[in-house]
Amino acid sequence: MKKKSLLAAGAQLSLLTLVSRVLGLVREATKAAFLGTSYLADAFGIAFMIPNLFRRLFAENSISVAFIPTFKAYLETADTESGRQETQDFVNATCTLVTFLTTAVVVLGICLTPFLVPLFYKDGNLTVLEETTLLTRIMFPYLLVISVAAFFQGILNGLKIFAPSGFTPILFNIIVIAATYLLSPFTTNPARAMAIGVMAGGTVQAAFQLPFVLKGGWRVSLTSLKKAFSNPGTKKVIALVGPTIIGMAAYQLNDVVSTSLAGHAGTGVVSSLQYSLRLQELILGIFAVSIGTVILPDMAGLAKRQQWEEFGAMLTQSVKIIALITIPITFFSLITGEHIIALVYKSKNFDQESVRLTLEAFIFHISGLFFIAANRIISPAFYAQGNTKSPATAGILGFAVNIALALILVKPMAGGGIALALSLASLANTIFLLVFLARTKRFALGTVVRGMVGYSLKMVALSAIASIPLILLKDRLFSLFTFGTRILQEGLPLLLAALIFGAVGVGLLIVTRDSLVQVIARKLRRK
């Protein structure tokens, strides 16, 4: 079978992720419409963040990063009867391990919730604390079902099957949105309806992928804990997961400490930061996560075959694609941020003050977009080599930078200071990752870095030029649409602004004979 290129391999997954992230934005807009930046919005945000912290530790980076390379190694021997049985035993042992550990954390978390929640509030308002505790307990089991879903995703991605896992977040968002509208009349408040939707959506994410795993030829069943912990494959996974969890724990503690600082900064700051991050994650999810997911198995194969020149070329092209996408979006968002926020969120419960609060965070969140995306591309370069310690160390250092800056900036800048701290820490994390990558000395990193930096600076220059007509015409564009609904007032001028910015940008890329544009053009001509 002809090997897909990076751009082609990520196309289907990017499309699914685009739909998912757009629906994620609709989900957040639904939350804004029902809860605004009220104490209930903060309560839901904190309640969802607590189990979500463990989800990211167990589900996303830990299980996937440790499981996929190990599973891929097993698959290479699965063409024999004994090799297939060993692979099946490894799958069952990993499933048991995931289920047991996450269940234990869920039970412990539900018991400890009343002691965790007060850490996120400045004062001890009993109503707020009780509501946040209840919402957290409703959503804590989400950790179990989503970890199982991530395990299924690891199997499918190891088999280079990406579509089912890319589709499940779409189902999740639809279910949460539907639950909010359908159940709100029957619950004490809309936040509880959303919490029930989260649990239902997570369960469907796991259930939907199971048939595809079975179709791929792998059974999923539980085994004894003794076999689970003694299996050679799970021992390797645990060895890889250990450093990854430490690094991810540092990264995720950023969320915990930042949320706690935001909770102490005033009502609405927690939710405004989350609304801002959702806009940022729309772009990250479409491109960075998709590309990172696609390149990990291929990078692992190149590393195993010691094809380091191709390895470096894939890494360089991946970061260039990220720069081509994120840097222009950053410039456009900085210029039109207030209108973007108003278009997506503004409603009866999300008023102009909510827009102002969210904009304070968004300006600084979006400024770090490229570095956050680049980190999600550079990290797989370590994981593909079986090196989880270096990105873990970079995560710890980045955590230290973020917390130090957040503590300094939160008082004078509130939510904006927390957002700025995250962006600066992401820049620092990128630098740490490149320094550690240089120590591997397995490929010409200097050439890779020069390619990354040179192309990124080019995109900054072109984006700045493309911004000039947008800055000059923006106010005039929006003054033309002062009638009708929010879609007309904000959406139409934003669309026109994007078309102007995009047309100038594409024209500049063509004039400068951009290498990536030429590659894309050649592929389109072949089709």
For [X], all residues meeting salt bridge (Lys or Arg N to Asp or Glu O under 4.0 Å), sequence neighbours excluded:
| X | result |
| --- | --- |
| Glu338 | none |
| Lys474 | none |
| Glu131 | Arg192 |
| Arg486 | none |

Decide side-chain contact (heavy atoms from CB on, under 4.5 Å) for Leu508 and Met459; before the verdict, give the C-alpha distance in whole Å, the side-chain angles of both, and the deciding distance to 0.1 Å. CA-CA 10 Å; Leu508 290 169; Met459 292 313 303; over 6 Å; no

Is it the case that Thr127 and Tyr39 place a side-chain donor and acceptor less than 3.5 Å from each other?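 Distance-only check fails for Thr127 and Tyr39.
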
Once rounded to the nearest 0.5 Å, what's the spacing between atom [atom1] of [X] and atom [atom2] of [Y]?
| X | Y | atom1 | atom2 | value |
| --- | --- | --- | --- | --- |
| Thr203 | Leu144 | OG1 | CG | 8.5 Å |
| Asp42 | Leu273 | CG | CG | 9.5 Å |
| Asn375 | Thr430 | CG | OG1 | 3.5 Å |
| Thr113 | Leu129 | OG1 | CG | 12.5 Å |
| Phe371 | Ile378 | CZ | CD1 | 10.0 Å |
| Leu499 | Leu494 | CG | CG | 11.0 Å |

Judged by atom type as modelled, is there a donor-acceptor pair below 3.5 Å linking the side chain of [X] to the main-chain atoms of [Y]?
| X | Y | result |
| --- | --- | --- |
| Gln274 | Gly45 | yes |
| Thr358 | Val355 | no |
| Glu28 | Arg278 | no |
| Thr168 | Gln205 | no |
| Asn173 | Val26 | no |
| Ser38 | Leu35 | yes |

Hey, does [Y] have a side-chain heavy atom less than 4.5 Å from the side chain of [X]?
| X | Y | value |
| --- | --- | --- |
| Ile377 | Ile321 | no |
| Ile174 | Leu23 | yes |
| Thr102 | Phe54 | no |
| Leu433 | Phe382 | yes |

Can you list the residues that meet the side-chain contact (heavy atoms from CB on, under 4.5 Å) rule with [X], with sequence neighbours excluded?
| X | value |
| --- | --- |
| Tyr181 | Thr30, Phe34, Ile177 |
| Val410 | Leu261, Ala265, Ile418 |
| Leu156 | Ile161, Pro164, Ser165, Gln209, Phe212, Val213 |
| Leu119 | none |

Under the ring-ring contact (aromatic ring centres under 6.0 Å, His included) definition, can you give me all pairs with a residue in residues 329-349, not counting sequence neighbours?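 Non-adjacent pairs meeting ring-ring contact (aromatic ring centres under 6.0 Å, His included): Tyr275-Tyr345, Phe332-Phe501, His339-Phe478, Tyr345-Phe350.
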
Taking the six-membered ring for Trp and the full ring for Phe, Tyr or His, determine whether the centres of Tyr142 and Phe48 are under 6.0 Å apart.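 Distance test on ring centres: under 6.0 Å, yes.
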
In sequence, state the C-alpha distance, the side-chain angles, and the governing distance for Leu437 and Leu315, and then conclude on side-chain contact (heavy atoms from CB on, under 4.5 Å). CA-CA 11 Å; Leu437 199 57; Leu315 178 60; 3.7 Å; yes

Sequence-distant partners of [X], side chain to side chain donor-acceptor pair (under 3.5 Å), two or more places apart:
| X | result |
| --- | --- |
| Thr37 | Ser354 |
| Ser272 | none |
| Ser379 | none |

Pair Ile170, Phe208 - check side-chain contact (heavy atoms from CB on, under 4.5 Å), show working. CA-CA 11 Å; Ile170 295 174; Phe208 181 81; over 6 Å; no

Take Thr136 and Leu116, measure what side-chain contact (heavy atoms from CB on, under 4.5 Å) needs, and give me the verdict at the end. CA-CA 10 Å; Thr136 305; Leu116 296 174; over 6 Å; no

Looking at every heavy atom in both Leu334 and Ser367, which two are closest together, and how far apart are they?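 Scanning both residues completely, I find the closest heavy atoms to be CD2-OG, 3.8 Å.
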
